[in-house]
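The sequence lines fix the lettering, A, B, ..., with proteins before strands; numbering per chain opens at 1.
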Amino acid sequence: MSEDLSVLDREVASVISSIPRGKVTTIKTIAESLGDKRATLAVFLSLKKLKNRGIEGWHRVVRENLQADPDAIPLLKAEGVTIRGNAVDRSFITGRVRKSAILLRMRYAQRMMRDSLVLKEVGDVRTAAGVDVAYVGDVAFGACVVMDRNFNVVEKSVVKVKALFPYIPTYLAFREFRPMYLAARRCEFDVLFVDGHGLLHPELFGEACHLGVALRKPTIGAAKSLLVGEIYGNKVFVNGIHLGWVLGGSYISPGNMISIDDSLKISKMFLLNRSQPEPLILAHMESKMASTKQS
DNA sequence: GCGACAG
DNA sequence: ATCTTGTCGC
Ligand SMILES: [Mg+2]
């Protein structure tokens, strides 16, 4: 069983179908025509998929250094494109390709939802949950694990859904939201840890914010590496503003309905001797286990 | 060789 | 995120 084309794959297919015969464009140009050059790697992976399915136009895309895929060379030569070594002659490059608003619309959605964020002190926290996702191809297994303050697991849920979108830096929630949301919605908790950033995001709206707004629940982002910001001591700053923390190997920031100070306080409360707060460690294991058992 | 981009 | 080897215990 092969994977379905993702929403992004179809956008890429649409863009490359607009490249005239006898012309080529670059991977980065396609990413930009979708709205963000950060999608360059995802476009590269998309093209590989389109090539394997023989979708028209895949061969008219080259790397930034003008190198063409070896399998594309005979096809390009047949259309009259001049190739020296593996590189296409510059005169055949076009930047005039169809544009898509997909990433711009996603960015806009983040900015709109950002207005719903509330940063305030969290109430009493008796239970905390963690959500994470594991993958087998494009099948996503989302897991939510709830613990009390003595680290006893009080509730768990696992869901299995198709991943409809690839990973693109700064758009992670558009890949992981559904499995995370569906798993979390089935549980009861006072605060939710999310395996990804909260405010530590170029739009101040990371995955943890996205989930917090949708669930209308306090959420905390806890990521294993930094996406934006600079570290001074145990604080993380973005554009000179203190938005998060370094804590035991993870980067903590508010998602929604919690203050910056409380995000640290609650994270410490649920931290054992590991790289992330315990509910996330367990959610990670739970999702991974579900993905291994099934498929 | 450099830089990189949460998961 | 996933892909991988060899090794150990059952
Ligand atoms: Mg994860």
Between [atom2] on [N] and [atom1] on [X], what's the gap in Å once rounded to a whole number?
X	N	atom1	atom2	answer
A:M180	C:dA1	CE	P	10 Å
A:L41	B:dG7	CG	C1'	13 Å
A:I168	B:dA4	CD1	C1'	16 Å
A:H210	B:dG7	NE2	C1'	15 Å
A:F193	B:dG7	CZ	P	16 Å
A:E207	B:dA6	CD	P	12 Å
A:R175	B:dA6	CZ	C1'	13 Å
A:L8	B:dG7	CG	P	20 Å

Would you check if there is a donor-acceptor pair between the side chains of [Y] and [X] at a distance under 3.5 Å?
X	Y	value
A:S46	A:D9	yes
A:S33	A:R98	no
A:R107	A:T170	yes
A:S259	A:D261	no

So, OP1 or OP2 of [N]: does either fall under 4.0 Å of a side-chain N or O from [X]?
X	N	result
A:K288	C:dA1	no
A:S225	B:dG7	yes
A:K224	B:dA6	no
A:H284	C:dA1	yes
A:K37	B:dC5	no

Span that lies between the C1' atom of C:dA1 and that of B:dA4, in whole angstrom: 16 Å

Distance between the C1' atoms of B:dC5 and C:dT2, in whole angstroms? 16 Å

For A:F177, report the nucleic acid contact type (base, sugar-phosphate, nothing); a contact means any heavy atom under 4.0 Å.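 Nothing, no nucleic acid heavy atom in range.
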
Rounded distance [0.5 Å steps], CD in A:E207 versus OG1 in A:T219: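 Spacing of CD (A:E207) from OG1 (A:T219) equals 10.0 Å.
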
Aromatic stack A:Y167/B:dG7: centroid gap under 5.5 Å, interplanar angle under 30°: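 Yes, aromatic ring over the base.
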
